*Asks:* 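Structure incoming, see below.
Only this structure's heavy atoms are used, side chains among them; waters, hydrogens and symmetry mates stay out. Quick caveat, the model's predicted, so the values are computed rather than measured.
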Amino acid sequence: MRVLLIEDEVRLAERTVANLARHGVICEWVPQAEDALGFVADGFQVLVVDIGLPGMSGLEFVRSIRRSGVATPVLILTARGS
């Protein structure tokens, strides 16, 4: 399985990539949504997206890829309390 992780917190991203790798998941990481726009068509089975990204938010990213016809499943992450 190939996963694209879009997360701006470096330590969290590194731990997530390492944990997924231990379970046989290939995980590529990009820190900003704008950078991820060019990757979504590269055959990922799942996109893991942080909501609170700098620049384009995770929600804006998901809306953008859905408008362009990308139907890849998305898992949304957030550290927000509400």
*Asks:* For residues Phe39 and Leu59: do they belong to one hydrophobic cluster (side chain heavy atoms under 4.5 Å, members Ile, Leu, Val, Met, Phe, Trp, Tyr)?
*Replies:*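 Yes; Leu59 is reachable from Phe39 via cluster members.
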*Asks:* Taking a hydrophobic cluster as the set of Ile, Leu, Val, Met, Phe, Trp and Tyr residues connected by side-chain heavy atoms closer than 4.5 Å, whether directly or through intermediates, do Val46 and Leu77 fall within one such cluster?
*Replies:* yes
*Asks:* What's the spacing between Phe44 CZ and Leu5 CG if we round to 0.5 Å?
*Replies:* 10.5 Å
*Asks:* What's the separation between atom CD1 in Ile76 and atom CG in Leu47, rounded to the nearest 0.5 Å?
*Replies:*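 Interatomic distance, Ile76 CD1 to Leu47 CG, rounded to 0.5 Å: 9.0 Å.
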*Asks:* Testing the basics here: between Leu20 and Cys27, what is the closest heavy-atom pair and its distance to 0.1 Å?
*Replies:* CD1-SG, 3.8 Å
*Asks:* Who are the side chain to side chain contact (heavy atoms under 4.5 Å, CB included) partners of Leu12, not counting sequence neighbours?
*Replies:* Glu7, Glu9, Arg15, Thr16
*Asks:* Following the transitive rule for hydrophobic clusters with a side-chain heavy-atom cut-off under 4.5 Å over Ile, Leu, Val, Met, Phe, Trp and Tyr, establish whether Leu75 and Leu4 coincide in one cluster.
*Replies:* no
*Asks:* For residues Val3 and Ile6: do they belong to one hydrophobic cluster (side chain heavy atoms under 4.5 Å, members Ile, Leu, Val, Met, Phe, Trp, Tyr)?
*Replies:* no
*Asks:* State the CG-OG1 distance between Leu53 and Thr78, to the nearest 0.5 angstrom.
*Replies:*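 That separation rounds to 10.0 Å.
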*Asks:* When hydrophobic residues are tied together by side-chain contacts of less than 4.5 Å, even through go-betweens, does Met56 share a cluster with Val40?
*Replies:*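 Yes, because Met56 and Val40 connect within a single hydrophobic cluster, where side-chain heavy atoms sit under 4.5 Å apart.
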*Asks:* Any side-chain heavy atom of Phe61 sitting closer than 4.5 Å to one from Val49?
*Replies:*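 Yes, at least one pair of side-chain atoms sits under 4.5 Å.
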*Asks:* Please list all pairs meeting side-chain hydrogen bond (donor to acceptor under 3.5 Å, both in side chains) that have one or both residues in residues 27-53, counting only residues at least two apart or in different chains.
*Replies:* Arg2-Glu28
*Asks:* Hey, could you give me each pair passing side-chain hydrogen bond (donor to acceptor under 3.5 Å, both in side chains) that has a residue in residues 64-74? Not counting sequence neighbours.
*Replies:* none
*Asks:* Taking all atoms of both residues into account, what is the closest heavy-atom pair of Ala33 and Ser57, and its distance?
*Replies:*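 For Ala33 and Ser57, the tightest heavy-atom pair comes out as CB-O, 4.4 Å.
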